[in-house]
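Working notes, structure below.
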Amino acid sequence: MSSARSESHAVYAAGGLVWRIVDGKLRVLLIHRTKYRDVTLPKGKVDPGEMLAETAVREIFEETGIRVALGVPVGVSRYRMANRKQKVVHYWAAEATEEAIRASAFVPNREIAAIEWMSLKKARKALSYPVDVEILDAFEGLVEDGIRETFPVIVLRHAKAQPRSDWEGTDASRPLTPRGQAQAEAIVGPLRAFGVRKIVTSDAVRCRRTVRPLARALGIKSVKTELISQDAWEEGRADPRTVVGRRVRAGKPAVLCSHGPVLPDLLREVALATGTPSGSYLSSAAALEVAAFSVVHLSATNPGSGIISIETHAPKA
């Protein structure tokens, strides 16, 4: 059986390498599972309709009581379960803030007997499975490189809109189709998983309506601008550099919602703003389906040190 076919029949899951600083020292969170009598990282299977990032945040909360925002991806583990199916687990680093820890209502239960904060050295010895140790090692590598606190700049393509051929109004006034509206709702959870706190959108209707459900869920207003609109881009008036520069300087998780032709310029400006060499990876990250998004992870302490990683997500709707 080919690896591609094997992966298509795999069971998908997601989780996190949750960390915090205690008295100036780095600690990571492990869980003691009741049924399996093992020590592992918080994770769980994808629910129907979920995207992986959404699953990771939900499972971490369900197993530990701690709400987190995802940081950089730290690896994918693959292994065979007892039924011979392959399990594929995606992991992200995730900081547990003091506020989130205080709000945790965790108590031992039928699934999780205990949760425990450990040093990296102790965690490596305590973990029951080599695949978990590999995730821990990947995180430690980031820490040793001075990359611990991060923030994302997320480049989002608008959801499915009415085709130009079927619309009598201006291009900027084209609305979303029913499928597009469903996509806009479907990406709320995954975008929130990355701790989004700012929304900047093209002033075109299809972009504004794509981020409307997210803005409603976050209780914030999106910022509309023609600087990343398709009309401005086609007329040579676009200015993605200004928009990206503000977001990199702010150092806060943000979404930039724009159009297919503008996305390459947005990602190129992120690379330029952070001193990152350009390459084909930027073209890949910009080649998004409607309602898909690329998450660009940057160092919170030194964004000029370059892009740490880019990951791309697409809705199932």
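All values derive from a computational prediction rather than experimental measurement. Heavy-atom basis, side chains included; hydrogens, waters and symmetry copies ignored. Starting from 1, each residue takes its place in the sequence as its number.
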Before accepting this row, confirm whether a basic side-chain N of the pair Glu63/Lys43 lies closer than 4.0 Å to the acidic partner's carboxylate O.
-> no
Do side-chain atoms of Ser294 reach the backbone of Ala285 as a donor and acceptor pair under 3.5 angstrom?
-> yes
Would you check if the side chain of Thr34 reaches a backbone N or O of Asn109 as a donor-acceptor pair within less than 3.5 Å?
-> yes
Any link between Phe139 and Met118 through a network of hydrophobic side chains (Ile, Leu, Val, Met, Phe, Trp, Tyr) touching at under 4.5 Å?
-> yes
With hydrophobic residues grouped by side-chain heavy-atom distances under 4.5 Å, do Val255 and Val296 end up in a single group?
-> no
Give a yes or no on this: more than 12 heavy atoms of other residues, nucleotides or ligands lie within 6.0 Å of atom CZ of Arg164.
-> yes
Do the side chains of Leu120 and Leu26 get nearer than 4.5 Å, heavy atoms only?
-> yes
Ignoring hydrogens and geometry, is there a side-chain-to-backbone donor-acceptor pair from Thr64 to Ile60 under 3.5 Å?
-> yes
Give a yes-or-no answer on whether the side chains of Gln230 and Glu234 include a donor-acceptor pair shorter than 3.5 Å.
-> yes
cation_pi(Arg20, Trp117) dist<6.0 Å, angle<=45 = yes
So, for Val18 and Pro42, which heavy atoms are closest and what is the spacing to 0.1 Å?
-> CG2-CG, 4.2 Å
Shortest non-hydrogen pair, Ala254 vs Arg247, comes out as CB-CD, 3.6 Å
Is there a chain of hydrophobic side chains (I, L, V, M, F, W, Y, each step under 4.5 Å between heavy atoms) that links Leu191 to Leu52?
-> yes
Over 12 non-hydrogen atoms of neighbours within 6.0 angstrom of CZ in Arg67 | no
Do other residues, nucleotides or ligands put more than 12 heavy atoms under 6.0 Å from Glu289 CD?
-> no
Please test Cys257 against Phe293 for side-chain contact (heavy atoms from CB on, under 4.5 Å), starting from the C-alpha separation and ending with a verdict.
-> CA-CA 9 Å; Cys257 183; Phe293 57 91; over 6 Å; no
Kindly write out the residues that satisfy side chain to side chain donor-acceptor pair (under 3.5 Å) with Asp231, not counting sequence neighbours, or none if the list is empty.
-> none
Arg208 with Asp203: basic N within carboxylate O range, under 4.0 Å | no
Lys87 atom NZ: more than 12 heavy-atom contacts under 6.0 Å | yes
Could you go through the side-chain contact (heavy atoms from CB on, under 4.5 Å) check for Leu142 and Arg148 one step at a time?
-> CA-CA 7 Å; Leu142 290 172; Arg148 195 174 62 197; over 6 Å; no
Ignoring hydrogens and angles, state whether a donor on the side chain of Ser258 or Trp233 is under 3.5 Å from an acceptor on the partner side chain.
-> no
Count the heavy atoms of every other residue, nucleotide or ligand shown that sit under 6.0 Å from CD of Glu111, and state whether that count exceeds 12.
-> no
Start with the C-alpha distance between Leu298 and Ile307, add both sets of side-chain angles, then the distance that settles side-chain contact (heavy atoms from CB on, under 4.5 Å), and finish with yes or no.
-> CA-CA 5 Å; Leu298 305 175; Ile307 293 172; 3.9 Å; yes
Rounded to the nearest 0.5 Å, what's the gap from NZ on Lys35 to CD1 on Ile112? Could you check?
-> 12.0 Å
Shared ILVMFWY cluster between Val133 and Val74, side chains joined below 4.5 angstrom?
-> yes
Measure from the side-chain N and O atoms of Asp145 to the backbone N and O of Ile147, and report whether any donor-acceptor pair falls under 3.5 Å.
-> no
If you group Ile, Leu, Val, Met, Phe, Trp and Tyr by side-chain heavy-atom gaps below 4.5 Å, do Val243 and Leu156 land in one group?
-> no
Asn302 side chain to Ser299 side chain, donor-acceptor N/O pair below 3.5 angstrom = no
Val11 vs Gln86 side-chain heavy atoms within contact, under 4.5 Å | no
How far does CZ of Arg241 sit from CG of Asp239, to the nearest 0.5 angstrom?
-> 8.5 Å
Heavy atoms only: give me the nearest Ile187-Ala291 pair and the separation to one decimal.
-> CG2-O, 3.5 Å
Do you know the tightest heavy-atom contact between Ile66 and Ala96?
-> CG2-CB, 4.0 Å
Should Arg124 and Asp137 count as an ion pair when the cut-off is N to O under 4.0 Å?
-> yes
Residue pair Phe61 / Ser104, side-chain heavy-atom distance below 4.5 Å | no
Side chain to side chain donor-acceptor pair (under 3.5 Å) between Ser280 and Ser283: does it pass, once the steps are laid out?
-> CA-CA 5 Å; Ser280 60; Ser283 300; over 6 Å; no
Determine whether more than 12 heavy atoms belonging to other residues, nucleotides or ligands lie under 6.0 Å from atom CD of Glu99.
-> no
If every non-hydrogen atom of Gly71 is compared with every non-hydrogen atom of Thr150, which pair is closest and at what distance?
-> CA-OG1, 3.9 Å
Between CG of Leu176 and CD of Gln181, what distance do you get to the nearest 0.5 Å?
-> 6.0 Å
From CD (Glu149) to OG1 (Thr301), nearest 0.5 Å | 6.0 Å
Does Arg206 reach the side chain of His259, with side-chain heavy atoms less than 4.5 Å apart?
-> yes
Short N-O contact, Glu59 and Lys45, less than 4.0 angstrom | no
Measuring from Ile199:CD1 to Ile154:CD1, what's the distance to the nearest 0.5 Å?
-> 10.0 Å
Quick one: does Arg58's side chain get under 4.5 Å of Asp47's, heavy atoms only?
-> yes
Please work out which of the three classes, parallel, tilted or perpendicular, describes the rings of Phe194 and Trp92, given edges at 30° and 60°.
-> perpendicular
From Arg216 atom CZ to Arg212 atom CZ, the distance as rounded to the nearest 0.5 Å | 7.0 Å
More than 12 heavy atoms of other residues, nucleotides or ligands under 6.0 Å from CZ of Arg197: is that the case?
-> no
For Tyr36, does the OH atom sit with more than 12 other heavy atoms under 6.0 Å from it, leaving out its own atoms?
-> no
Give the intermediate values and the outcome of side chain to side chain donor-acceptor pair (under 3.5 Å) for residues Thr177 and Gln162.
-> CA-CA 6 Å; Thr177 64; Gln162 289 283 356; over 6 Å; no
N/O donor-acceptor pair under 3.5 Å between Ser119 side chain and Arg27 backbone = no
Closest heavy-atom contact between Ala123 and Val28?
-> CB-CG2, 3.7 Å
Side chains of Arg37 and His32: do they bring a donor and an acceptor to under 3.5 Å?
-> no
NZ/NE/NH1/NH2 to OD/OE distance under 4.0 Å, Arg192 and Glu54 = no
Check: Leu218 and Val196 side chains under 4.5 Å, non-hydrogen atoms | yes
Side-chain heavy atoms of His297 within contact of Pro73, under 4.5 Å = yes
Leu136 vs Leu17 side-chain heavy atoms within contact, under 4.5 Å = yes
Under the side-chain contact (heavy atoms from CB on, under 4.5 Å) rule, what do Phe106 and Ile115 come out as? Steps first, then yes or no, please.
-> CA-CA 9 Å; Phe106 172 82; Ile115 60 176; 4.0 Å; yes
Can you tell me if Glu50 and Thr55 form a side-chain donor-acceptor pair at under 3.5 Å?
-> yes
